[in-house]
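All residue numbers in this chain count up from 1 along the given sequence.
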Amino acid sequence: MSAVAIALADAEATTVLGARIAPLLQAGDAVLLYGPLGMGKSTLARGLIRALTQPDEDVPSPTFTLVQFYESQPPIAHFDLYRLTRPEEAYEIGLDEALDEGCVVIEWPERLGEDVTWIAGTNLLTITISELGEARLATVSGAGSWDERLQDLHD
C-alpha cells in the first residue's frame with residue numbers, strides 16, 4: 001500500500017480532490033476520512049458527492065443525522081460517525097447495507113475501532129488531512145483494489 005501526498009492550498013483544492021476521486025469509485029468501496037475538526041473532511045466529501053450527482057447537490061454534513069444517502073452511479077452514502085459511542089452502532093445506521101448497494105464516505109472512521117475491515121470491507125481508500133502551514137496536506141493510501149486505482153491520482 002503506497003501513499004500519495006497532495007498539498008491542498010485551500011477549500012477549493014480540497015473540493016477538487018474529492019471530484020478527482022469520484023470517478024474512481026466502485027460499489028463496495030469505503031472512503032475513510034481522518035483528521036481533526038476543521039481540516040476539510042466534509043469539504044472533500046461534498047466535492048466527491050457533487051461530482052457523482054450534480055454540481056449544486058445539497059450535501060449537508062451528516063453530523064446530526066449520522067448518514068445521508070445519494071442517488072448516483074454507484075449509489076453513495078455519507079456517514080459522520082463522530083457521535084457514535086460504540087462501533088456496533090454502525091450496523092444500526094446501515095453502514096454494512098450501504099456498502100452492499102454502493103459505496104460510502106466515512107468521516108471519523110476511528111469510531112469503528114482500529115481495524116475497520118470488520119464492517120467496511122477491504123476496498124479502502126484512506127485519506128488523512130493534516131495541517132501544512134496555512135494549507136492542508138492530504139495523505140491518500142489505498143487497500144484492496146484501491147492500490148492500483150490510486151495511480152490515477154499521480155498526474
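- The hydrophobic cluster containing Leu137, built from Ile/Leu/Val/Met/Phe/Trp/Tyr side-chain heavy atoms closer than 4.5 Å, also comprises Leu132.
- Closest non-hydrogen pair, Leu112 versus Ala90, comes out as CD2-CB, 3.6 Å.
- Applying the salt bridge (Lys or Arg N to Asp or Glu O under 4.0 Å) rule to pairs touching residues 60-74 yields nothing, sequence neighbours excluded.
- Residues that satisfy the ring pair (Phe, Tyr, Trp, His ring centres under 6.0 Å) test with Phe69, not counting sequence neighbours, are absent from this structure.
- Met39 CE to Thr128 OG1: the interatomic distance, rounded to the nearest 0.5 Å, is 12.0 Å.
- In plain terms, the two heavy atoms of Cys103 and Pro74 that are nearest each other are SG-CG, 3.7 Å.
- Listed for the Asn123 side chain is a donor-acceptor partner under 3.5 Å among the backbone atoms of Ser145.
- Nearest heavy-atom pair across Ala45 and Val105 is CB-CG1, 3.8 Å.
- Here salt bridge (Lys or Arg N to Asp or Glu O under 4.0 Å) pairs that include residues 113-122, with residues two or more places apart or in two chains, number zero.
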What donor-acceptor contacts under 3.5 angstrom involve side-chain atoms of residues 29-36, with partners at least two apart or in another chain?
from  : atom 1 : to     : atom 2 : distance (Å)
Asp29 : OD1    : Trp146 : NE1    : 3.4
Asp29 : OD1    : Arg149 : NH2    : 3.0
Asp29 : OD2    : Gln26  : N      : 2.7
Asp29 : OD2    : Arg149 : NH1    : 2.7
Asp29 : OD2    : Arg149 : NH2    : 3.4

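- For Gln68, the side-chain hydrogen bond (donor to acceptor under 3.5 Å, both in side chains) criterion is met by Thr65, not counting sequence neighbours.
- No side-chain heavy atom of Leu125 sits under 4.5 Å from any side-chain heavy atom of Leu24.
- Side-chain atoms of Ile127 and Ile21, non-hydrogen and from C-beta on, do get closer than 4.5 Å to each other.
- For residues 117-137, the set of pairs meeting the salt bridge (Lys or Arg N to Asp or Glu O under 4.0 Å) definition, not counting sequence neighbours, is empty.
- If you take CG on Asp96 and CD1 on Ile119, they are separated by 5.0 Å, rounding to the nearest 0.5 Å.
- Between atom CG of residue Asp80 and atom OG of residue Ser61 there is a gap of 5.0 Å, rounded to the nearest 0.5 Å.
- Taking 4.5 Å as the limit, every side-chain heavy atom of Leu81 sits out of range of all side-chain heavy atoms of Leu66.
- Taking all atoms of both residues into account, the shortest heavy-atom contact from Leu8 to Ala13 is CD2-O, 3.7 Å.
- At a threshold of 4.5 Å between non-hydrogen side-chain atoms, the residues Gln73 and Leu52 do not count as touching.
- Residues that satisfy the side-chain hydrogen bond (donor to acceptor under 3.5 Å, both in side chains) test with Glu97, not counting sequence neighbours, are absent from this structure.
- Under the salt bridge (Lys or Arg N to Asp or Glu O under 4.0 Å) criterion, Glu92 pairs with Arg86, not counting sequence neighbours.
- Between Leu25 and Ile76, the shortest heavy-atom distance links the atoms CD1-CD1, 4.0 Å.
- In terms of heavy-atom proximity, Phe79 sits nearest to Leu95 at CZ-CA, 3.5 Å.
- With rounding to the nearest 0.5 angstrom, the CD1 atom of Ile49 is 8.5 Å from the OG atom of Ser72.
- In this structure, Ile129 is not a member of the same hydrophobic cluster as Val16, with clusters built from ILVMFWY side-chain heavy atoms closer than 4.5 Å.
- Judged as a side-chain hydrogen bond (donor to acceptor under 3.5 Å, both in side chains), and not counting sequence neighbours, Thr139 has no contacts.
- Distance check: Thr15 OG1 to Leu48 CG gives 10.5 Å after rounding to the nearest 0.5 Å.
- Residue pairs meeting the ring pair (Phe, Tyr, Trp, His ring centres under 6.0 Å) criterion with at least one partner in residues 104-139, sequence neighbours excluded, are Tyr82-Trp108, Tyr91-Trp118.
- Here the CG atom belonging to Leu44 is positioned 9.0 Å from the CD atom belonging to Glu107, to the nearest 0.5 angstrom.
- Screening residues 43-52 for salt bridge (Lys or Arg N to Asp or Glu O under 4.0 Å), with sequence neighbours left out, gives no hits.
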